[in-house]
Amino acid sequence: MEKQIQKQVERRRTFGIISHPDAGKTTLTEKLLLFGGAIQMAGTVKARKAARHATSDWMAMEQQRGISVTSSVMKFNYEDFEINLLDTPGHQDFSEDTYRVLTAVDSALMVIDSAKGVEKQTRKLMEVCRLRDTPIITFINKMDREGMDPFDVLADIEETLNIECAPLSWPVGMGKEFKGVYSLHDKRLHLFSATHNGGINQGMVIDSLDDPTLDKELGLQADKLREDLELLEGAGYPFDAERYLAGKQTPVFFGSAINNFGVHELLDSFVQLAPHPQSRPAVEREVSPFETSFSGVCFKIQANMDPQHRDRIAFVRINSGKFTKGMKVRHHRIGKDVQISKATIFMAQDREGVEEAWPGDIIGIHNHGTIKIGDTFTEKEPLKFTGIPNFAPEIFRRVILKTPLKAKQLQKGLTQLAEEGAVQLFRPTQNNDYILGAVGMLQFDVIQSRLQDEYGVDAIYEPVELYTARWISCEDKIELARFKKGAARYLALDADENLTYLAPSRWRLDDAVETWPNISFHKTREHE
Ligand code: GDP
């Protein structure tokens with residue numbers, strides 16, 4: 001068993017993509033799946049199926065917008081590796097889930113548009129990666145377009161994201177003059193030829209910088225390449241695996257996802273460099289993936305699969321041991337044993353046939369709201385995994401009830417929906433408002449439709465002037481009491497009754513932090 005676990009852990013890679021909309025995440029994902037040979041988009045496939053039978057407004061909304069509120073786990077094999085790509089929803093369905101998915105991966109791939117450099121959403125997602133120093137590999141995309149000078153892109157990444165760049169490939173030209181990518185690892189040049197047909201693009205390879213073919217093919221650009229490489233040797237960071245694994249350095253690749261150029265090299269290096277499933281912290285101790293006893297943690301709840309049955313799927317990442325279908329595991333928060341035979345396990349090419357899963361894999365467990373984000377499952381040992389937090393919301397709305405008699409249902413609905421983690425509920429301590437906080441706009445529409453469909457509550461929103469929320473903690477009870485009095489008008493309780501500071505402006509938050517040096521203002525909150 002130990003040998004088997006070791007083998008299965010070492011061949012697994014579980015990662016997510018961080019990027020700003022339009023940088024090329026979807027295109028790159030498709031190409032990666034193409035190399036994997038098998039495409040499996042569990043969540044998406046399932047969501048589409050459910051949508052066909054959908055009657056509720058909420059599902060209609062999902063169809064109408066042509067996006068998936070749900071997101072997915074894509075699993076593919078490459079060489080002897082088993083790769084789990086966890087989707088990080090972007091565009092309109094950007095939400096707290098996008099952040100939380102990143103706490104369930106072992107590494108990330110950052111996609112940057114070569115014309116735009118580092119953009120806002122990438123910066124935000126990078127902050128989440130920083131929470132656990134997640135190793136990041138960078139792909140500079142769209143080299144077939146006019147973009148920034150590659151040295152400037154690297155400088156932008158280093159300055160904006162405060163991470164060293166270690167280029168492992170280097171581009172020759174860009175836009176119309178884009179001639180190919182030189183691999184600093186193999187010391188070879190791959191010449192570019194555009195393909196839009198989805199095929200795998202190999203192109204011609206030149207093995208040495210001294211090969212006269214290089215000058216013949218590239219002309220003056222050959223000298224430029226030699227100069228660039230000399231400059232890099234002097235000024236760039238050499239690749240350092242330890243610094244990469246510590247999240248301090250990012251290896252950088254250049255290419256064009258749509259032309260499938262540079263993607264093969266990226267994937268080859270990814271499987272070699274990226275870490276296999278790692279140890280995970282629990283309140284009690286660190287849990288190694290090589291332990292033979294099963295453990296897993298829920299990092300995401302998805303509720304829209306079949307609105308008529310109101311069932312939910314809990315996405316559980318396996319952190320140690322082997323999972324077998326039908327296995328009995330302990331659900332620690334409620335202290336009950338559950339048999340997972342009834343669960344849909346969506347995690348491999350042939351979903352029906354899956355009998356076992358290993359650390360780094362994701363299983364989906366059907367339930368009726370009994371599982372919450374952060375819940376831990378093990379064979380026996382009582383454990384509570386940490387590191388799957390709530391994130392401070394960035395946009396807020398006040399909920400107004402249209403039929404005052406339904407206040408109870410509203411409270412119940414909002415509390416339950418908040419438990420799923422897509423939105424957060426705050427009750428100010430000085431009034432009876434219901435304040436919703438989210439990370440993406442779409443969540444508000446989803447909540448409104450679901451309140452109506454599932455709880456029969458007609459609610460509308462009012463804008464509310466809030467900048468952000470911070471969870472409060474303080475060891476000193478007297479100081480905390482003083483703070484509660486002094487800052488009362490800004491305080492609220494979240495759905496789990498935790499004290500929260502709702503800051504109307506950035507200035508007000510900075511001022512409060514300065515005024516109350518012994519009070520801690522937290523950007524994230526662990527689930528109990
Ligand atoms: P996402 O929003 O990050 O998922 O981005 P998409 O993969 O949907 O790509 C956004 C747009 O950029 C689409 O129109 C793609 O066809 C285009 N695109 C993606 N990769 C490349 C590339 O390498 N070169 C060029 N010229 N366009 C690309």
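Indexing begins at 1, ligand by ligand and atom by atom, following the structure's order. Computed from a predicted model, the values in this text were never measured in an experiment.
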Exercise for review: Would you tell me which option among Asp144, Ile258, Asn259, Ile140 has the nearest heavy-atom contact to atom 26 (N) of ligand 1?
Suggested key: Asp144
Study note, to complete from the structure: A student comparing Ile17, Asn141, Asp22 should find that the heavy atom closest to atom 2 (O) of ligand 1 comes from Asp22
When you measure from [atom] to every protein heavy atom, which one gives the shortest distance, and what is it?
atom                    : answer
atom 28 (C) of ligand 1 : Lys142 CE, 3.8 Å
atom 23 (O) of ligand 1 : Ser256 OG, 2.8 Å
atom 6 (P) of ligand 1  : Thr27 OG1, 3.6 Å
atom 5 (O) of ligand 1  : Gly24 N, 3.2 Å

Review point. Considering only heavy atoms of Pro21, which atoms of ligand 1 have at least one such atom less than 4.0 Å away?
Key: 2 (O)
Would you check if the distance from the ring center of [X] to the ring center of [Y] is below 6.0 Å?
X      : Y      : answer
Phe254 : Trp170 : yes
Phe76  : Phe35  : no
Phe139 : Phe253 : no

**Study point:** Thr26 N/O to ligand 1 N/O under 3.5 Å
**Key:** yes
Check your understanding: Going by distance only, is there an N or O of Leu28 that falls short of 3.5 Å from an N or O of ligand 1?
Key ->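 Looking only at distances, the answer is no, because the N/O contact criterion of under 3.5 Å is not met.
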Practice item. Considering only NZ, NE, NH1 and NH2 on the basic side and carboxylate oxygens on the acidic side, decide whether Lys248 and Glu164 come within less than 4.0 Å. Key: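 No, this pair does not count.
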Check your understanding: Between Lys25 and ligand 1, which part of the residue brings a heavy atom under 4.0 Å of the ligand: side chain, backbone, both or neither?
Key ->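 Both of them.
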Check your understanding: Between Phe315 and Lys300, is there a cation-pi geometry (under 6.0 Å to ring centre, at most 45° from the normal)?
Key -> yes
Review point. Relative to Phe444, does Arg397 satisfy both conditions: NZ or CZ under 6.0 angstrom from the six-membered ring centre, and within 45 degrees of the ring's axis?
Key: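 Judged by the rule (NZ or CZ under 6.0 Å from the ring centre, within 45° of its axis), Arg397 counts as positioned above Phe444.
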Review point. Heavy atoms of the protein only: does one fall short of 4.0 Å from atom 13 (C) of ligand 1?
Key: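 No, there is none.
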Exercise for review: Scan the protein's non-hydrogen atoms and note whether one is under 4.0 Å from atom 18 (N) of ligand 1.
Suggested key: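 Under 4.0 Å from atom 18 (N) of ligand 1, at least one protein heavy atom found.
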**Study point:** Between OH on residue Tyr99 and CZ on residue Phe391, distance to nearest 0.5 Å
**Key:** 8.0 Å
Check your understanding: What closest approach, in Å, do Tyr461 and Gln448 show between heavy atoms, and which atom pair accounts for it?
Key ->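 Nearest heavy atoms, Tyr461 then Gln448: OH-N, 3.4 Å.
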